[in-house]
Amino acid sequence: MPISLYNSLSRRTEPFTPLDPQRVTVYLCGPTVYNYVHIGNARGPVVFDVLVRLLRRHYPRVVYARNITDVDDKINAAAQAQGVAIDLITGRFAQAYREDMAGLGIAVPDIEPHATAHIAPIVAMIETLIAGGHAYAAEGHVLFDVGSYPAYGALSGRDTEELIAGARVEVAPYKKNPADFVLWKPSTPELPGWHSPWGIGRPGWHIECSAMSAAHLGETIDIHAGGVDLLFPHHENEIAQSTCAHGGKAFARWWMHNGMLTFDGRKMSKSLGNVLLVHELLQQHPPEALRLRLLSGHYRQPLDWSDGAIAQAVSTLDGWYRVLRDLADVELPAGTLPVPETVEAALCDDLNTPQALAELSQLADQARLEGNARAKAALLGGGALLGLLQQEPEAWFRRGENTVDAARVEDLLLQRRSARAARDFARADAIRDELTALGIVIEDGAQGTRWSVLQR
RNA sequence: GGCCAGGUGGCAGAGUGGUCAUGCAGCGGCCUGCAAAGCCGCGUACGCCGGUUCGAUUCCGACCUUGGCCUCCA
């Protein structure tokens with residue numbers, strides 16, 4: 001089944017064809033590690049995790065890189081504010097990031113390059129740009145010369161003159177052109193710095209991604225992904241740097257951008273202060289519900305975050321896991337799980353995850369109705385492609401069980417069973433009320449009574 | 001001001017020139033000691049105004065409106 005993906009560069013959905021089907025390359029702009037990430041930051045990683053899962057089904061080898069930016073002025077500021085070493089900050093939050101992403105069911109990328117481990121290729125790339133007349137040194141800085149690259153602005157649909165006219169920032173006096181951006185900047189002794197032909201300094205943000213992408217994936221990659229807020233200037237600058245440093249070779253063949261997560265109707269961002277940290281949400285809600293919510297809208301659309309939306313996701317998962325729990329004794333066929341065509345077709349259509357989830361609901365209905373191994377495997381296989389439904393149903397229903405005295409629950413259920421057998425329904429209902437007070441929900445079924453921990 | 005996306009039933013959210021999204025919630029019925037779950041059934045949704053068309057939520061134009069980018073940002 002062919003994959004079609006919307007390409008921000010051409011502004012249309014195109015059949016996806018990798019440069020080398022034996023090695024499909026994907027790069028996602030990762031976090032700057034100076035704090036915990038918020039749930040908006042997790043949308044791209046979740047969405048493109050699904051993309052990579054899909055690609056892996058179609059191609060024997062997919063190399064997926066998601067970087068860690070561990071040199072940045074915000075990191076420096078955080079370290080100074082907290083009075084600790086910079087690498088303490090970056091180490092701590094890079095680890096927190098990995099944990100948060102794992103919590104959301106995101107597979108570990110093949111490569112997780114760190115900017116500070118790529119200073120040599122960054123410097124080399126800057127030297128190449130200077131040699132090619134695309135960059136210049138000025139007052140300890142090295143700047144990219146936007147005027148040297150006529151195609152600048154192709155991705156974001158802007159032209160250089162427009163950028164100058166619309167510039168809202170103060171222009172540094174050493175810039176030839178107001179749109180020129182920093183490749184390298186000087187460091188003072190208390191700031192992180194590396195030796196370079198332009199003195200001790202540190203790289204600018206944009207050049208890191210260009211250099212790391214080239215170092216691990218090659219000069220031309222298949223897909224470069226990130227949030228739409230990075231489209232300009234970050235991705236525009238990456239294109240300029242990489243194209244100019246690689247003799248005009250295309251940098252990324254597909255550019256994919258996920259829409260913003262909104263909260264209170266506005267983009268969730270640290271500068272607006274309306275953020276919800278993944279770290280905390282993972283404590284407050286079933287992680288899988290967070291993932292489901294992030295996949296419940298099309299990745300290019302804005303998605304609003306709210307408690308109600310999370311509650312809906314929890315209810316949906318309740319229904320699906322209920323089906324799987326009822327089929328707990330149905331043996332799966334041997335081998336890998338089949339992926340239902342309907343789910344795959346939805347994802348092949350520019351990663352239409354809402355459609356894929358609708359199909360998953362159909363599969364759940366079928367599994368409930370048919371109750372056989374084939375239907376169960378289809379539901380699980382469809383879920384697997386989306387990174388959902390992979391835990392034991394009992395684990396889903398009894399999450400948070402450590403706060404519950406399971407032995408006491410079982411004891412009460414036994415008492416209730418006796419009461420019901422004696423047709424003492426008043427007593428039985430009293431016991432159920434007692435269980436409800438303990439946060440336990442019960443269901444009488446043909447096979448006996450089940451219990452679940454009440455939804456958080 | 002420039003560039004770019006949206007406005008779909010109570011909520012979430014796809015999609016399409018002409019019988020159906022889907023989910024959550026709700027309502028009625030069946031089932032159940034009662035619940036829950038399940039099953040059956042139920043909702044005159046597509047911002048506004050024009051245009052094209054036999055027919056538009058879907059195409060075109062204007063308008064209103066929300067948001068994103070133009071500055072660090074996923």
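- Stacking of A:R325 on the aromatic ring of A:F397 is recorded, both the 6.0 Å distance cut-off and the 45° axial limit being met.
- A:R368 comes within 4.0 angstrom of sugar-phosphate atoms only, judged by non-hydrogen atoms across all strands, and of no base.
- For the segment residues 350-357 of chain A, residues with any heavy atom less than 4.0 angstrom from an atom of RNA chain B are, sorted by number, A:N352, A:P354, A:Q355.
- Checking B:U22, B:G68, B:C34 against every side-chain atom of A:R416, the shortest atom distance belongs to B:C34.
- Within 3.5 Å, a donor on the side chain of A:R420 pairs with an acceptor on the base of B:G33, or the reverse.
- A 3.5 Å limit on both hydrogen-bonding distances identifies B:C30 as the Watson-Crick or G-U partner of B:G38.
- Residue A:R322 places its side chain closer to B:A37 than to any other of B:A37, B:G68, B:C72.
- Residue order along RNA chain B, read from the 5' end via each residue's closest nucleotide, puts A:Q301 first among A:Q301 and A:D229.
- Heavy atoms of A:E359 sit nowhere under 4.0 angstrom from any nucleic acid atom.
- Counting heavy atoms from C-beta on, the side chains of A:N67 and A:H114 never come closer than 4.5 Å.
- With a 3.5 Å ceiling on both atom-pair distances, the Watson-Crick or G-U wobble partner of B:C11 is B:G23.
- If you take CG of A:L294 and P of B:A74, they are 15 Å apart, rounded to a whole angstrom.
- Under a cutoff of 6.0 Å and an axis angle of 45°, A:R300 and A:Y6 form a cation-pi pair.
- The A:R158 side chain lies nearest to B:C70 when the options are B:A74, B:U22, B:C70.
- Taking 3.5 Å as the limit, the base of B:C72 and the side chain of A:D72 contain no donor-acceptor pair of atoms between them.
- Under the rule for a salt bridge (Lys or Arg N to Asp or Glu O under 4.0 Å), the partners of A:E394 that lie at least two apart in sequence or sit in another chain are A:R398.
- At least one cation-pi condition fails for A:K175 and A:F181: the charged atom is not both under 6.0 angstrom from the six-membered ring centre and inside a 45 degree cone around its axis.
- A:R427 has its CZ atom 17 Å from the C1' atom of B:G33, to the nearest Å.
- One can place CD1 of A:I440 at 16 Å from C1' of B:A35, the figure rounded to the nearest angstrom.
- Across B:C20 and B:G26, the matching P atoms stand 26 Å from one another, rounded to whole Å.
- Rounded to a whole Å, the NE2 atom of A:H38 is 16 Å from the P atom of B:C72.
- Here the closest non-hydrogen pair linking A:S4 and A:T13 is CB-CG2, 3.7 Å.
- Checked by distance alone, A:Q312 brings a side-chain donor or acceptor within 3.5 Å of a matching partner on the base of B:G23.
- As a whole-Å value, the separation of A:M268 CE from B:C72 C1' is 18 Å.
- Rounded to whole Å, the separation between the C1' atoms of B:G17 and B:C46 comes to 14 Å.
- Rounding to whole angstrom units, CZ of residue A:F48 and P of B:A74 are separated by 14 Å.
- Counting non-hydrogen atoms of neighbouring residues, nucleotides and ligands closer than 6.0 angstrom, the CZ atom of A:R98 exceeds 12 such neighbours.
- Side-chain atoms of A:R432 and base atoms of B:A35 include a donor and an acceptor less than 3.5 Å apart.
- If you check distances only, the side chain of A:D429 does reach the base of B:G33 with a donor-acceptor pair under 3.5 Å.
- Nearest nucleotide to the A:R266 side chain, out of B:A74, B:C34, B:G68: B:G68.
- With a cut-off of 3.5 Å on both pairing distances, B:U71 has no Watson-Crick or G-U wobble partner at all.
- Proximity of the aromatic rings of A:H235 and A:W255 is defined here by a centroid distance below 6.0 angstrom, and this criterion is met.
- Atom CG of A:L413 is separated from atom C1' of B:A36 by 14 Å (rounded to the nearest Å).
- Across all strands, A:S361 comes closer than 4.0 Å only to sugar-phosphate atoms, never to a base (heavy-atom distances).
- Here A:K267 reaches the OP1 or OP2 of B:C69: one of its side-chain N or O atoms lies under 4.0 Å away.
- Each of A:L303 and A:L369 has a nearest nucleotide on RNA chain B; the 5'-most of these lies closest to A:L303.
- Taking atom C1' in both B:U16 and B:G50, one finds a spacing of 23 Å when rounded to whole Å.
- Atom name P, nucleotides B:U71 and B:C63: the rounded distance is 27 Å, in whole Å.
- Look at B:C59: its Watson-Crick or wobble partner, with both distances under 3.5 angstrom, is B:G51.
- Without hydrogens or angle criteria, A:R43 side chain to A:G259 main chain gives a donor-acceptor distance under 3.5 Å.
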